[in-house]
Enquirer: 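Here it is, the structure in full.
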Amino acid sequence: MKAQIEQKLRAALAQLQAQGVLDASVAIVPTLSVTKDPSHGDFATNIALQIAKPMGVAPRVAAEHLLAALTDRRGIREIQIAGPGFLNFFVEPLAAFALIDDILAAGAAFGKSQVGAGKKVQVEFVSANPTGPLHVGHGRGAAYGAVVADLLAAVGFEVHREYYVNDAGRQMHILTTSIWLRYLEACGAVLTFPANGYKSEGYIFEIAQSLKAAQGDTLVVPIAAVFADLPADDPDGGDKDDYIDALIERAKSLLGATRYKTVFDAGLKAILADIKDDLHEFGVDYEFWYSEQSLEDRGLINRAIERLQAAGFVYEQNGALWFKSTEFGDDKDRVVRRDNGQSTYFASDIAYHMEKFERGFDRVIDIWGADHHGYVPRVKAALTALGFDAAKLDVSLVQFAILYRGGERVQMSTRSGSFVTLRELREEVGNEAARFFYVMRQAAQHLDFDLDLAKSQSNDNPLYYIQYAHARVCSVNRQLPLRGFSHDVARGRSAYARLTEPHEQALFKRLSQFSDTVHRAALSLEPHQLVHYLRDLAQEFHAYYNAHAFLLADDAPLRDARLNLIAATRQVLANGLGLLGMSAPEEM
RNA sequence: GCGCCCGUAGCUCAGAUGGAUAGAGUACAGCCCUCCGAAGGCUGGGGUCACUGGUUCGAAUCCAGUCGGGCGCACCA
């Protein structure tokens with residue numbers, strides 16, 4: 001209906017231009033807004049206000065011209081000029097109510113569209129280092145990324161979900177060394193744990209135990225050899241980073257490549273398996289887990305650097321290779337290969353993004369923690385330097401979540417070992433509530449996550465409020481046979497003209513906005529828009545439910561018309577909840 | 001110091017392409033079940049849209065500056 005009126009407006013504008021009333025050079029795309037106030041009709045447009053100036057007339061006069069040019073009024077009951085010069089459209093109720101049948105016919109597919117058809121989009125999210133379990137901060141990225149991906153799929157994109165596994169960095173070696181030391185302890189050694197190691201994390205002990213069970217004492221070396229001639233650790237007045245790096249080298253040399261890899265892989269596999277399991281339970285699954293190490297193995301990092309070199313954006317200074325990212329708006333140039341020959345993390349990321357673009361995605365979406373925002377310009381710079389269109393990359397930054405319990409802020413600290421894991425959160429509040437609370441705010445906003453509210457099975461909890469609306473429709477349907485009625489959809493259809501109550505009009509209008517909402521939420525990567533929509537829809541349903549009986553004993557046509565309307569409402573609630581990854585319970 | 005994000009009701013937050021009287025939830029006060037689930041609904045008070053200036057028919061929205069908060073500024077990952 002909206003699109004039809006917009007088409008009529010385009011025709012009217014063209015006519016005004018053909019008549020010479022409006023200069024032909026004026027290019028205005030007519031847009032309709034859905035009105036908030038029923039007295040403003042169903043749709044409104046402000047184009048008369050926009051064309052008034054080029055026409056050289058008062059806005060309301062321009063509106064008169066436009067109104068006169070709107071000759072095709074099929075489906076429109078009335079058009080009014082209002083306020084400073086708005087055109088308000090009142091649509092023919094019967095024409096509009098056909099939507100109820102569209103919803104019922106489309107079922108679970110209602111709200112989906114094909115605007116993204118034929119386009120491939122990649123969504124990379126979470127991508128937390130595999131050095132420990134996911135914590136609550138990762139949970140927000142997980143929930144947000146998963147819903148964004150599902151929304152994009154719902155509007156027709158071919159979506160590729162990916163997790164970038166940072167399995168090649170220094171942190172992995174600290175992890176490996178930490179596991180090995182705990183393993184040596186488990187085998188009877190007594191030692192002082194490095195200050196910069198994974199000291200208090202319980203899972204390190206568990207992995208070490210499993211390692212001992214699988215490998216016996218084949219990874220044991222004399223403890224004196226491990227700690228001989230190392231620089232001082234932090235508590236002894238040394239540098240904790242120098243110390244741990246020396247210890248890592250010691251582990252590599254004493255164990256040899258093969259045995260070191262055994263420890264390394266044990267840690268990586270155990271933690272990655274835990275992360276996968278955690279996310280899967282949370283309803284988050286990926287098409288692909290992309291290994292950072294594989295970039296190196298396939299020579300992609302070298303290729304990326306060579307390609308930048310060939311383009312003339314790499315120079316050498318102090319023994320290191322630098323990428324001239326300042327040429328593309330970055331604050332400073334960045335090292336891609338250190339003086340010791342090691343490529344940097346940034347080099348891996350250049351290679352990864354190069355490879356993403358080579359895979360031919362039409363749109364690439366990176367979802368990062370907000371603390372990485374400073375990283376955006378250099379990645380975009382690299383893509384531009386490589387000759388790609390950096391505008392195809394969207395980086396969505398997710399702000400931190402702050403947990404509250406009993407009105408008190410829950411302290412979180414990753415290094416103290418007392419952090420709140422995603423798994424703990426899910427177990428405490430449930431998967432659905434966790435997901436709902438994570439996505440109900442704009443990603444760019446800090447999130448106050450009230451654990452008590454998320455857990456509460458009360459009207460305070462917006463998720464229950466929405467699900468309850470769905471359950472209530474189902475409850476009405478259960479009542480139907482108990483009262484000796486059956487639902488005749490066709491009979492209801494013939495009585496749509498009688499759905500004249502303000503509650504019915506409001507509910508219907510809300511239903512008509514669902515597809516647009518899904519569309520907008522998907523393209524703008526803003527799932528919270530759908531959350532708010534569902535809240536509003538549920539609210540309008542509850543108000544309707546309280547104000548009017550559906551199961552009328554003596555008016556079957558109106559009863560069926562209302563049942564059609566609430567059946568459509570139920571369908572939209574279910575579809576919306578489904579897009580968010582949540583259930584639509586029939587009973588609660 | 002430089003850069004990015006943010007500032008809307010007591011609190012938590014919506015306000016798409018600039019539009020009509022800035023909205024929800026919560027909290028507070030009162031009301032509504034002989035009736036499809038009261039896990040609900042209705043009514044009410046509550047605002048300098050941080051501040052100042054600008055752009056224009058019109059600004060919470062766009063621009064500049066100020067103040068306040070968060071984050072980031074590695075040959076770490």
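Each chain gets a letter, A, B and so on, in the order the sequences are listed, and its residues count up from 1.
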Enquirer: With a 3.5 Å limit on both atom pairs, tell me what B:G1 is paired to, counting Watson-Crick and G-U wobble, or say none.
Expert: B:C73
Enquirer: Report the residues that fulfil side-chain hydrogen bond (donor to acceptor under 3.5 Å, both in side chains) with A:Y438, sequence neighbours left out, ordered by chain and then residue number.
Expert: none
Enquirer: Does the structure show a Watson-Crick or G-U wobble partner for B:G47, both distances under 3.5 Å? Name it, or say none.
Expert: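 By the stated definition (distances under 3.5 Å), nothing pairs with B:G47.
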Enquirer: Give a yes or no on whether a salt bridge exists between A:D233 and A:K240, defined as a side-chain N under 4.0 angstrom from a carboxylate O.
Expert: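 Not counted as a salt bridge, because no side-chain N and carboxylate O are separated by less than 4.0 Å.
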Enquirer: Using the side-chain heavy atoms of A:H40, tell me which of these nucleotides is nearest: B:G72, B:C13, B:A20.
Expert: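 Looking only at side-chain atoms, A:H40 lies closest to B:A20.
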Enquirer: Can you check whether A:F86 stacks with the B:A20 base, using ring centres under 5.5 Å and planes within 30°?
Expert: yes
Enquirer: I need the full list of salt bridge (Lys or Arg N to Asp or Glu O under 4.0 Å) pairs touching residues 314-333 of chain A, with sequence neighbours left out, sorted by first then second residue.
Expert: A:D330-A:R334
Enquirer: Would you say B:G70 has OP1 or OP2 under 4.0 Å from some side-chain N or O of A:Q445?
Expert: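 So the side-chain polar atoms of A:Q445 never come under 4.0 Å of the phosphate oxygens OP1 or OP2 of B:G70.
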Enquirer: Are there any protein N/O atoms within less than 3.5 Å of an N/O atom in nucleotides 73-77 of chain B, and if so, which ones and at what distance?
Expert:
| unit_1 | atom_1 | unit_2 | atom_2 | d |
| --- | --- | --- | --- | --- |
| B:C75 | O2 | A:D339 | N | 2.9 |
| B:C75 | O2 | A:D339 | OD1 | 3.0 |
| B:C75 | N4 | A:N318 | O | 3.1 |
| B:C76 | OP2 | A:R338 | NE | 2.5 |
| B:C76 | OP2 | A:R338 | NH1 | 2.5 |
| B:C76 | OP2 | A:R338 | NH2 | 3.4 |
| B:A77 | OP1 | A:R338 | NH2 | 3.0 |
| B:A77 | OP2 | A:Y345 | N | 3.3 |
| B:A77 | O2' | A:N129 | ND2 | 3.3 |

Enquirer: Choosing from B:A14, B:A38, B:A16, which nucleotide comes nearest the side chain of A:R441?
Expert: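 So the nucleotide nearest the side chain must be B:A14.
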Enquirer: Sticking with atom P, work out how far B:A20 lies from B:A60, rounded to a whole angstrom.
Expert: 9 Å
Enquirer: B:G25 C1' sits how many Å from A:L463 CG, rounded?
Expert: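 Taking CG of A:L463 and C1' of B:G25, I get 14 Å after rounding.
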Enquirer: Do A:K356 and A:D349 meet the salt-bridge criterion of a basic N to acidic O distance under 4.0 Å?
Expert: no
Enquirer: With a non-hydrogen cut-off below 4.0 angstrom, is A:A549 in contact with a base, only sugar-phosphate, or nothing?
Expert: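 If one applies the 4.0 Å heavy-atom cut-off, A:A549 turns out to touch a base.
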Enquirer: For the pair made of CG in A:L447 and C1' in B:A14, what is the distance, rounded to whole Å?
Expert: 14 Å
Enquirer: Identify every side-chain donor-acceptor pair in residues 395-403 of chain A under 3.5 Å, counting partners at least two apart or on other chains, and give the distances.
Expert:
| unit_1 | atom_1 | unit_2 | atom_2 | d |
| --- | --- | --- | --- | --- |
| A:S396 | OG | A:Y144 | OH | 2.8 |
| A:Q399 | OE1 | A:H446 | NE2 | 3.4 |

Enquirer: Could you check which nucleotide pairs with B:G7 in any of the strands shown, counting Watson-Crick or G-U wobble with both distances under 3.5 Å?
Expert: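 Because both required distances fall under 3.5 Å, B:G7 counts as paired with B:C67.
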Enquirer: Just call it for A:H519: base, sugar-phosphate, or nothing, with non-hydrogen atoms closer than 4.0 Å on any strand.
Expert: nothing
Enquirer: Reckon A:Y404 has a side-chain N or O less than 4.0 Å from the OP1 or OP2 of B:U12?
Expert: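 A:Y404 to B:U12 OP1/OP2: no side-chain N or O under 4.0 Å.
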Enquirer: Taking NE2 from A:H470 and C1' from B:C36, how many angstroms apart are they, rounded to a whole number?
Expert: 16 Å
Enquirer: Please list, chain by chain and in numerical order, all residues satisfying salt bridge (charged side-chain N to carboxylate O under 4.0 Å, His left out) with A:E162, sequence neighbours excluded.
Expert: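 Result, salt bridge (charged side-chain N to carboxylate O under 4.0 Å, His left out) vs A:E162: A:R359.
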Enquirer: Output a table of nitrogen or oxygen pairs between the protein and nucleotides 56-60 of chain B separated by less than 3.5 Å.
Expert:
| unit_1 | atom_1 | unit_2 | atom_2 | d |
| --- | --- | --- | --- | --- |
| B:C57 | OP1 | A:K53 | NZ | 2.6 |
| B:C57 | OP2 | A:K53 | NZ | 3.2 |

Enquirer: Should B:C13 form a Watson-Crick or G-U wobble pair with both distances under 3.5 Å, which nucleotide is its partner?
Expert: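 In the structure as shown, B:C13 has B:G23 as its Watson-Crick or wobble partner.
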Enquirer: Determine the contact category for A:H373: base if any of its heavy atoms lies under 4.0 Å from a base atom, sugar-phosphate if only primed atoms, P, OP1 or OP2 are that close, otherwise nothing.
Expert: base
Enquirer: I want to check a possible cation-pi pair here: A:R559 against A:F485, using under 6.0 Å from ring centre and within 45° of the ring axis as the test.
Expert: yes
Enquirer: Within 45 degrees of the ring normal and closer than 6.0 Å to the centroid, is that where the cationic atom of A:R535 sits relative to A:Y465?
Expert: yes
Enquirer: If I take atom CD in residue A:Q399 and atom C1' in nucleotide B:G70, what distance separates them, rounded to the nearest angstrom?
Expert: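 Checked: the CD to C1' distance equals 7 Å.
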Enquirer: So which heavy atom on A:A382 is nearest to which on A:I350, and how close?
Expert: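 Distance-wise, the nearest heavy atoms are CB-CG1, 3.7 Å.
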Enquirer: Once you apply a heavy-atom cut-off of 4.0 Å, does A:Q467 come out as touching a base, just sugar-phosphate, or nothing?
Expert: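 If one applies the 4.0 Å heavy-atom cut-off, A:Q467 turns out to touch nothing in the nucleic acid.
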Enquirer: When we call it a touch if two heavy atoms are under 4.0 Å apart, what does A:H532 touch: a base, just sugar-phosphate, or nothing?
Expert: sugar-phosphate
Enquirer: At under 4.0 Å between heavy atoms, what does A:A82 touch on the DNA or RNA strands: base, sugar-phosphate, or nothing?
Expert: base
Enquirer: What distance separates A:H173 NE2 from A:T131 OG1, expressed to the nearest 0.5 Å?
Expert: 12.5 Å
Enquirer: Expressed in whole Å, how much space separates the C1' atoms belonging to B:G25 and B:U34?
Expert: 33 Å
